[in-house]
Amino acid sequence: MNMVISRKQLTYSVGAFIFGASLLTSNLYYFAENDSWVSVLIGLVASLMIVGLYTVIANRYPGLGLAQINKAVFGKTLGKIVSGLYAYYFLSLAYFNTRNLGDFINSVALHETPIMLIFILFTMVCAWAVRKGPLNIARYGFLAVFIAFAAIVFNGLLLINRTHLDFLQPALTLPPRDYLIGAHIVTMLPFCEIIAFMTFIPYLRAPEAFGSAMRRGLLIGAAVLMLIVLRDITVLGPFTAIFAQPTFSVIRYIDIGDILTRLEIIYAVILMSLLFFKVSVVYYATVNMLSDIVGFNSYKSLVFIVGALIVVYSSAIFSAVTEHIKWNMTAAPTYSTFFLVVLPLVTIIISFIRGTDKRPVGAPSGG
């Protein structure tokens with residue numbers, strides 16, 4: 001049995017991870033409106049530079065996961081504190097995205113189903129995937145990318161008769177501030193969250209390929225997000241920023257001879273699958289960091305404890321959907337910036353100041 005992750009598997013896993021952010025496009029449209037594609041481009045350029053920071057860190061400590069790198073750079077005690085910050089961040093990504101899924105299902109399908117039940121069932125499935133390990137999670141990356149991309153292209157073709165390219169005009173008329181806010185959102189929320197894959201490094205067949213796999217996966221994810229944004233804009237036009245779920249609303253327009261209708265159900269299933277993939281990755285990253293902090297030989301003993309935390313926080317973090325939407329549009333990007341930019345920058349600076357030698361390939365934490 002192949003017990004390592006190949007570069008292609010990591011590439012597709014990164015792409016699939018980013019696909020799960022299609023629920024957050026309404027935050028982008030609110031600021032950049034019909035020029036949201038400009039913010040995606042700016043965000044991609046910024047994200048490539050930030051991912052470059054992750055690559056530099058990984059290359060200085062080849063084969064080591066994020067928790068082991070923190071100990072190598074900051075020392076045992078301070079390294080555990082930094083790892084604790086990352087663990088908290090990954091946990092927050094897990095319950096924020098679980099809340100995204102619960103709100104989505106409650107609003108478009110299971111209106112009468114208690115949202116707590118949705119959280120419990122979803123987290124149980126993710127816990128099963130996490131216990132199987134990152135090797136099995138990564139194997140589903142290509143399948144997730146293929147299905148999502150095929151669905152987007154298929155839906156786009158069926159919406160050609162409702163597509164109006166003039167909705168893209170006039171371009172570049174908004175204040176620069178709006179484009180930068182939109183770019184900040186896509187950079188911090190979907191794109192650079194892929195830092196979670198630094199916990200997968202010990203399982204890579206070729207650790208030196210980590211940087212190229214991350215960049216390629218980012219490009220794949222950004223390209224698909226761009227297709228989604230352009231499709232939504234050219235179909236909804238000035239109403240893009242009005243809908244709470246613009247991508248879901250676009251697919252509802254598909255009606256081919258009363259035969260191909262209600263395709264939004266397929267989209268809902270695909271979106272749930274992508275969120276399952278994304279939450280499984282950050283769920284694993286959380287237990288991986290925690291197991292290193294407490295010195296456990298295996299992360300698996302923490303899976304159900306963390307799962308319970310995800311369920312509790314998902315239900316308690318917001319009292320209403322509007323609060324969650326406001327968080328995503330305002331505080332969430334700034335909150336993520338500390339973990340995705342500031343901490344990696346501090347890590348690189350201290351690493352170079354201390355002149356820490358590259359460490360040999362380390363074994364994964366747990367299994």
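Being a predicted model, the structure only gives us computed values, none of them experimental.
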Notebook entry, point to check: In a check of side-chain contact (heavy atoms from CB on, under 4.5 Å) between Val306 and each of Tyr283, Tyr95, Phe90, which one passes?
Noted result: Tyr283
Under a 3.5 Å cutoff, is there a donor and acceptor pairing between the side chains of [X] and [Y]?
X	Y	answer
Tyr140	Ser280	no
Ser83	Asn70	yes
Thr337	His184	yes
Ser351	Arg60	yes

For [X] and [Y], take the angle between the two ring planes, folded into 0 to 90°, and tell me which bin it lands in: parallel under 30, tilted 30 to 60, perpendicular over 60.
X	Y	value
His164	Phe167	perpendicular
Phe142	Tyr12	perpendicular
Phe200	Tyr284	perpendicular

Between the main-chain N or O of [Y] and the side-chain N or O of [X], is there a donor-acceptor pair closer than 3.5 Å?
X	Y	answer
Arg99	Phe318	yes
Asp35	Leu172	yes
Arg7	Ser212	no

Margin query: Check this for me: does any side-chain nitrogen of one of Asp292 and Lys71 sit under 4.0 Å from a carboxylate oxygen of the other?
Written below: yes
Next item on the list: Please indicate whether Met124 has more than 12 foreign heavy atoms, meaning atoms of other residues, nucleotides or ligands, lying under 6.0 Å from its CE.
Entry: no
Notebook entry, point to check: Is it the case that more than 12 heavy atoms not belonging to Phe149 sit under 6.0 Å from its CZ atom?
Noted result: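 Check fails, neighbour count at 12 or below.
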Check: Would you say Val312 and Leu91 are hydrophobically clustered, going by side-chain heavy atoms of ILVMFWY under 4.5 Å?
Finding: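 Per the 4.5 Å side-chain linkage, Val312 and Leu91 are not co-clustered.
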